[in-house]
Engineer: 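To start, I am sharing the structure in question, which I have written as structure tokens.
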Amino acid sequence: MGVETHDIAGFLQTVHPYDSLPRDELDRLIPRFECRHVSGGDQIYFRGEPLPGLFLIMEGSVEVRDASGTVISQLFPRNSLGERGLMADGRAATTANALSDAILLVLPTAEFKRLMLEQPVYARFFTRGRTTDLRRADVTMRKVGELMSAPPLTCSPEDSVRQAAEIMRDRRVSSLGVVDGDRLVGLVTTRDLTSRVLAQGLDPINTKVGAIMTAGALTLSESDLGSDVLNLMLEKKIGHLPIVSGERLMGMITQTDLTRFQALSSAILIREIASAEGVAELRAVTAKIPQLLVQLVGGNNAHHVVTRLITDITDAVTRRLVTLAEADLGPPPVPYLWLACGSQGRQEQTGVSDQDNCIFIDDSFHESQRPWFEKLARFVSHNLDACGYFFCPGDMMATNRRWCQPVSVWKGYFGSWIREPEPTAQMLASVMFDLRPIVGETKLYQDLQAETLAQASRNSLFVAHMISNSLKHAPPLGLLRGFATVRVGEHRNQIDMKHSGVVPVIDLARVYALTGRLTPVNTRARLLAAEEAGIISSAGGRDLIAAYDLIADFRLRNQANQIKAGERPNNYLGPYEFGDFERSHLRDAFVVVRTMQSALANSGSAPV
């Protein structure tokens, strides 16, 4: 029986990764496939032979053997074979024989290599599990853009429910993005069809998708992390996440997309947090954070990944405490937003963190409603302290009435700090420029951030003061290639890796973000954005990022060693406990930071 082009087209639409290729790419690819009929027992290729291309089983079954003749796999329809050899020297790495009569599609080698170069979703599929540096559950460290299925399958809000169901049936998917043009307006899933159509007795022909879809669906961007996917799915109990750029739908991630990855323990902790019924359960979860840090550092994960995952847990605890508080207090009298600043705001928490937070309240607020917000702040802040996030020594917390105010008051704060940048104003502005929404009405902050950055960057006097403030923390450099260590007390002969280590870089990055009106809050993201925007030179940016990475890695490794030794982690490190090689690199990193500080001081603005 002959295999027609339309048969191949229909088949490929059910096979990953071909089902995720752009439509024009798939149309181009279909005629390139050669169809081969083989009989049971026939040899498809022998180890060491040149391969004609990638084999894809359309019907039948195939047995693959290694060099010793041992069966290593049995493959069936929609399985590929021969990719190992194609990605090596073009020769078969195994021997393949047909177990039954089979129909094989052969994609020529040149087309396979082209797709590997031009189509990321294709390359990801065939390189999965082959990178030696991939670790258990590395889904948490991957960018969302690498995990999503793209292009997404969509329908219109004006389509009938039956039309949407037919698309899901034919393409074997469980969800569709609902779009108006390029703009995502909702999400419809097989669960929606069951609960909102069949269970309600609606007519699938005359009911439009717009009437039963989930509007305002939770979304992520391609630059978010896989940990964000896991956290949202576990915390919100959802199985589908649209991926957007602005309002444009770029792809979709489902639980099925994550089945080949194992969840890192941070995601498991967040799941436990989401279901915790009280503070005792939350405290039991946060008590596991030191061991998580040891595990992550021991896995040679980058510092910004480790601190991001640890901060995600703090975010989840905060959200859960807000939920528990609202369950006790009742609904808020007006919309509000709980925000974090400091290390939590920057997503840079380590094994030792205090809490820095505040509340933005809608301007419809009346002072008679303040008791509700005071009770909320007290409940969340005191229980964060009970969970190990100790009170901020500077009282930068929502329990302080000054930091629990309507948006109009916050605008006044920032305006006065910018107009009159005296020392206290500089300190407060530095902290509050690191704000990040955690839970509540995020729109209360979005406009304020843009307005504040614009105001601040235009005020040369304020920028000059912020530059001066950023130079107050100096790297711990001593004479004769030595270190300036603490001279007396408990931490004698040690370096403060927070205030003398990472804080000088944090301050530099904040100034770059301010002068360039850059919206990232995370330090490393600010440095990358500053380099990309030309705020700092490419060479200076690369050196500073490399220096920051090394300093932050030293800090985390030291904390992990303290935990393993049964000690409470802190920010103090004895440089002379390391060998000459590591000490030399650490000092070189501090020299880079000092050089960038000098460039900033001499220019009076961010160096170009």
Side-chain angles (χ1 to χ4, degrees), residues 1-65 72-130 148-153 167 169-173 251 256-257 260:
M1 180 183 72
V3 177
E4 303 293 336
T5 298
H6 66 83
D7 295 325
I8 296 176
F11 174 68
L12 290 179
Q13 289 175 359
T14 71
V15 180
H16 194 66
Y18 302 95
D19 61 344
S20 294
L21 294 177
R23 182 74 241 184
D24 58 345
E25 179 64 81
L26 192 58
D27 290 341
R28 171 185 173 178
L29 205 59
I30 289 167
R32 302 289 201 279
F33 278 93
E34 172 197 345
C35 185
R36 292 189 182 184
H37 293 260
V38 295
S39 301
D42 286 355
Q43 187 173 91
I44 299 168
Y45 56 74
F46 185 75
R47 184 175 178 274
E49 290 181 349
L51 289 164
L54 179 74
F55 291 83
L56 175 62
I57 304 172
M58 190 171 180
E59 291 183 11
S61 57
V62 172
E63 181 181 79
V64 178
R65 295 177 179 268
I72 57 175
S73 62
Q74 291 185 355
L75 305 176
F76 301 93
R78 298 182 180 81
N79 290 155
S80 297
L81 59 153
E83 64 266 28
R84 281 180 57 199
L86 291 176
M87 290 189 292
D89 58 2
R91 296 180 177 274
T94 55
T95 298
N97 298 289
L99 286 175
S100 65
D101 292 350
I103 299 176
L104 306 176
L105 301 180
V106 184
L107 181 66
T109 299
E111 284 297 308
F112 174 77
K113 290 184 175 180
R114 181 185 66 79
L115 286 173
M116 292 291 286
L117 289 172
E118 297 178 4
Q119 299 295 332
V121 68
Y122 195 85
R124 286 197 299 272
F125 180 80
F126 286 104
T127 56
R128 68 197 191 285
R130 289 185 168 81
M148 69 181 186
S149 298
L153 295 175
I167 295 173
R169 177 200 64 193
D170 294 341
R171 298 304 298 270
R172 299 186 181 185
V173 296
T256 303
D257 294 321
R260 67 180 181 272

Engineer: From Met58 CE over to Leu12 CG, what is the distance, rounded to the nearest 0.5 angstrom?
Structural biologist: 8.0 Å
Engineer: Does any non-hydrogen side-chain atom of Thr109 lie less than 4.5 Å from one of Pro52?
Structural biologist: no
Engineer: Students often mix this up, so state it plainly: with edges at 30° and 60°, are the rings of Tyr45 and Phe55 parallel, tilted or perpendicular?
Structural biologist: tilted
Engineer: Using a 4.5 Å cut-off on heavy atoms from C-beta on, say whether the side chain of Leu115 contacts that of Leu107.
Structural biologist: yes
Engineer: Examine distances only and state if a side-chain atom of Glu49 and a backbone atom of Phe46 form a donor-acceptor pair shorter than 3.5 Å.
Structural biologist: yes
Engineer: Does some side-chain heavy atom of Tyr18 sit less than 4.5 Å from a side-chain heavy atom of Leu26?
Structural biologist: yes
Engineer: Can you check whether Ser39's main-chain N or O pairs, donor with acceptor, with Asp101's side chain at less than 3.5 Å?
Structural biologist: no
Engineer: So, do Thr94 and Arg47 sit near enough that their side-chain heavy atoms are less than 4.5 Å apart?
Structural biologist: no
Engineer: Got a donor-acceptor contact below 3.5 angstrom from the Thr95 side chain to the Arg65 backbone?
Structural biologist: no
Engineer: Between Arg23 and Asp27, does at least one N-O distance fall below 4.0 Å, as a salt bridge requires?
Structural biologist: yes
Engineer: Hey, does Glu63 have a side-chain heavy atom less than 4.5 Å from the side chain of Ser61?
Structural biologist: no
Engineer: Atom CG in Leu56, atom CG in Leu104: separation rounded to 0.5 Å?
Structural biologist: 8.5 Å
Engineer: Just how far is it from atom CD1 of Ile103 to atom CZ of Arg36, taken to the nearest 0.5 Å?
Structural biologist: 14.0 Å
Engineer: Less than 4.5 Å apart, side chain to side chain, heavy atoms only: is that true for Gln119 and Pro22?
Structural biologist: yes
